[in-house]
Amino acid sequence: MSDLTPDLLLRAYAAGLFPMAESAEDPELFWVDPERRGVLPLDGLHLPKRFRRTLRQGRFEVTADRDFAAVMKGCAERTATRKSTWINTQIIRLYRELHAQGAAHSVECWQDGELAGGLYGVSLGGAFFGESMFSRVADASKTALVHLVARLRRGGYLLLDTQFVTQHLTRFGAVEIPRRDYRKRLEAALSVRAEFYRELDPEGAAILHSMIHTS
């Protein structure tokens, strides 16, 4: 799929597909359509007690779309616990183009002026498709996820697609649903117009405060 364009990529998301590469070194992409899809219910986020205390301490400055490219770079980094990555140069090109068009977004966590972690994904209608996250400092990606959920709830989103379910995401309330059920939820989400930036207003801040103190 070397001729994949941002427009075709968005049409694929609307049909329930997303692309991956075998590795960062493999220039080709392939479509993925899991029989069971990971989703994180926006009204079902679970925050462990210890992590709620971390959030209340305000260790990170959290922003959105301040440095999308740096977040993608962080997600593509190899670490001691992540020996390989599926984010190749074509993925980086495509999603940076989507970001330039306003269809892809990042959430960043900063500590002492340095990027500590974050996540990125694609926004389409009332659906947000989470692509990847990373941490250089403990709890940074988790913090980004909580802020993302608050932002999506305030913006009127109906679906947060995690693609797959990991042990990490399960602790936050992510579940697997059959492909048929996922497509029904996707169709409903695509029928609404959501706003990614509404979390920044006072009502959005109230949603975040409620999640941190009562989840």
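For the single chain, residues carry numbers from 1 onward in sequence order.
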Could you tell me if the side chain of [Y] sits less than 4.5 Å from the side chain of [X], heavy atoms only?
X	Y	answer
Gln111	Arg59	yes
Val107	Val62	yes
Asp161	Val122	no
Tyr95	Pro19	yes
Glu195	Arg154	no
Met20	Leu29	no
Leu145	Thr143	no
Thr170	Thr166	no

Donor-acceptor contact below 3.5 Å, side chain [X] vs main chain [Y]:
X	Y	result
Arg151	Phe196	yes
Glu176	Arg37	no
Arg179	Arg36	no
Ser210	Ala206	no
Ser135	Ala138	no
Ser141	Gly117	no
Thr162	Val165	no

Please report the C-alpha distance between Leu9 and Asp7 in whole Å, then the side-chain angles of each, then the deciding distance to 0.1 Å, and finally whether the side-chain contact (heavy atoms from CB on, under 4.5 Å) criterion is met.
CA-CA 5 Å; Leu9 185 54; Asp7 181 64; over 6 Å; no
Test: salt bridge (Lys or Arg N to Asp or Glu O under 4.0 Å). Region: residues 105-122. Which pairs qualify, not counting sequence neighbours?
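Non-adjacent pairs meeting salt bridge (Lys or Arg N to Asp or Glu O under 4.0 Å): zero.
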For Phe128 and Tyr13, I'd like to know if the aromatic rings sit close, meaning centre-to-centre distance below 6.0 Å.
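No: the rings miss the under 6.0 Å criterion.
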Phe51/Phe172 aromatic ring centres below 6.0 Å:
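When the ring centroids of Phe51 and Phe172 are compared, they turn out to be within the sub-6.0 Å range.
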[X] versus [Y], closest heavy-atom pair with distance:
X	Y	result
Gly118	Ala144	CA-CB, 4.0 Å
Arg153	Leu42	CD-O, 3.1 Å
Ala127	Leu186	CB-CD1, 4.2 Å
Glu28	Asn88	O-ND2, 3.7 Å
Ile87	Met72	CG2-CE, 4.3 Å
Pro6	Leu98	CB-CD2, 3.6 Å

Given salt bridge (Lys or Arg N to Asp or Glu O under 4.0 Å), test Arg185 with Asp181 step by step and report yes or no.
CA-CA 6 Å; Arg185 296 192 191 190; Asp181 293 347; over 6 Å; no
Please check if [X] and [Y] belong to a single hydrophobic cluster, counting links between Ile, Leu, Val, Met, Phe, Trp and Tyr side chain heavy atoms closer than 4.5 Å.
X	Y	value
Trp110	Tyr120	yes
Ile177	Leu158	no
Leu159	Leu190	yes
Leu119	Ile212	yes
Leu160	Met211	yes

Roughly how far, to the nearest 0.5 Å, is the [atom2] atom of [Y] from the [atom1] atom of [X]?
X	Y	atom1	atom2	value
Glu203	Leu208	CD	CG	13.0 Å
Cys109	Asp139	SG	CG	9.5 Å
Arg56	His209	CZ	NE2	9.0 Å
His99	Leu94	NE2	CG	14.5 Å

Sort out for me which residue in Tyr182, Phe164, Phe30, Phe129 forms a ring pair (Phe, Tyr, Trp, His ring centres under 6.0 Å) with Phe18.
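By the ring pair (Phe, Tyr, Trp, His ring centres under 6.0 Å) criterion, Phe18 pairs with just one of Tyr182, Phe164, Phe30, Phe129: Phe164.
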Just by distance, with hydrogens left out, do Gln163 and Glu131 show a side-chain donor and acceptor under 3.5 Å apart?
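The answer is yes; a qualifying pair exists.
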Heavy atoms of other groups near Arg96 CZ, more than 12 under 6.0 Å
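Not buried by this count: 12 neighbours or fewer within 6.0 Å.
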Evaluate whether atom CD of Glu35 has more than 12 neighbouring non-hydrogen atoms of other residues, nucleotides or ligands under 6.0 angstrom away.
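For Glu35, atom CD is not crowded (no more than 12 foreign heavy atoms under 6.0 Å).
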Step-by-step salt bridge (Lys or Arg N to Asp or Glu O under 4.0 Å) determination, Glu77 to Lys73:
CA-CA 6 Å; Glu77 286 176 347; Lys73 180 180 178 181; 5.7 Å; no
Given the rule in the salt bridge (Lys or Arg N to Asp or Glu O under 4.0 Å) test, do Asp33 and Arg183 qualify, once you have shown the distances and angles that lead to the verdict?
CA-CA 11 Å; Asp33 183 16; Arg183 289 185 173 170; 2.5 Å; yes
Under the criterion side-chain contact (heavy atoms from CB on, under 4.5 Å), I'd like the reasoning laid out for Leu47 against Leu55: C-alpha separation, chi angles, the key distance, then a yes or no.
CA-CA 10 Å; Leu47 300 182; Leu55 289 170; 3.9 Å; yes
Could you go through residues 64-71 and list every donor-acceptor pair under 3.5 Å that involves a side-chain atom there, pairing it with any protein atom two or more places apart or in another chain?
| residue | atom | partner | partner atom | Å |
| --- | --- | --- | --- | --- |
| Asp65 | OD1 | Ser106 | N | 2.8 |
| Asp65 | OD2 | His105 | ND1 | 2.7 |
| Asp65 | OD2 | Tyr197 | OH | 2.4 |
| Arg66 | NH2 | Glu61 | OE2 | 2.8 |
| Asp67 | OD1 | Ala70 | N | 3.1 |

List the steps and the verdict of side-chain contact (heavy atoms from CB on, under 4.5 Å) for Val192 and Tyr157.
CA-CA 8 Å; Val192 306; Tyr157 285 79; over 6 Å; no
